Amino acid sequence: MNFHVCTLFPEMIEQGCQTSILGRASKNGLIQIETTNIRDFSTNKHMKVDDYPYGGGAGMVMQAEPVYAACEYAKQKLGEKTRVIYLTPQGNVFHQKMAEDFAKEESLIFLCGHYEGIDERVLEEVVTDYVSIGDYVLTGGELPAMVMIDAIARLVPGVLNNDVSADIESFHDNLLEYPQYTRPPVWHDKEVPEVLLSGHHARIEEWRYQCSLERTAKWRPDLLEKHKSK
Ligand code: 6GU
């Protein structure tokens with residue numbers, strides 16, 4: 001799967017995506033993460049990409065043309081029909097089902113804004129999806145793009161070591177994950193729950209399911225309601 005990020009800070013994406021599981025997946029050719037620097041498409045001799053907002057107000061606005069040219073360049077590489085995701089606190093709030101939907105695509109383009117935003121006219125022409133990662137304000141779209149790339153890439157077959165773990169984890173069926181334990185069997189006087197040492201797979205599965213229900217009731221009652229109504 002191809003991820004292409006249009007940004008003024010490509011090094012942020014490149015640094016953040018080359019380690020750990022995403023780094024390994026890139027080296028193994030399971031995913032490709034590329035960046036386009038919007039500044040390379042500046043039409044200004046000083047390589048400026050922003051200007052004052054019409055109507056006044058604080059801050060600067062990213063100009064339409066460099067953003068348009070960067071997105072068109074990415075589309076030329078990945079296909080004209082590639083979805084273009086604009087990261088903005090005004091977008092739909094990202095969740096696991098959205099990650100699963102995006103993971104079906106061959107390629108995705110992420111558009112990261114900075115300053116007070118991007119000229120609305122270019123957004124109307126290129127953006128297919130407006131996405132926020134939650135109700136707080138960040139300085140730019142790069143961290144949100146990386147959050148989305150991580151959530152989507154881990155759903156690509158082969159990216160995780162363990163083929164089953166992608167769908168038995170938290171949020172599958174709207175339940176939080178059960179607690180995990182590893183050696184030693186006693187640590188700081190705390191014992192591993194006895195059932196996990198029993199080798200009795202049906203009892204272990206039932207215990208884990210009950211733990212998931214309890215945790216979800218305690219920490220995310222909103223999710224438990226969704227679980228029950230399925
Ligand atoms: Cl996608 N962008 C910015 N700048 N802030 C955010 C966000 C996105 N999602 C939550 N906060």
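Just so we're clear, the structure is a prediction, and the values are computed from it rather than from any experiment. Quick note: numbers below take in every heavy atom, side chains included, and nothing from hydrogens, waters or symmetry partners. Atoms within each ligand, like the ligands themselves, are counted from 1 in listed order.
- At distances below 3.5 Å, at least one donor-acceptor pair connects side-chain atoms of Y136 with backbone N or O atoms of I133.
- Between Y181 and W207, the two ring planes are tilted [angle within 30° to 60°].
- Following chains of ILVMFWY side-chain contacts shorter than 4.5 Å, one can reach F102 starting from L160, so the two form part of one hydrophobic cluster.
- Listed as neighbours of ligand 1 are L87, T88, P89, V131, S132, I133, G134, Y136, L138, G140, P144, each bearing a heavy atom under 4.0 Å from the ligand.
- The closest donor-acceptor contact from the side chain of N44 to the backbone of H46 lies under 3.5 Å.
- Proximity of a side-chain donor or acceptor of R215 to a complementary backbone N or O of E177 within less than 3.5 Å is detected.
- Taking the six-membered ring for Trp and thresholds of 30 and 60 degrees, Y86 and Y130 have ring planes more than 60 degrees apart, a perpendicular arrangement.
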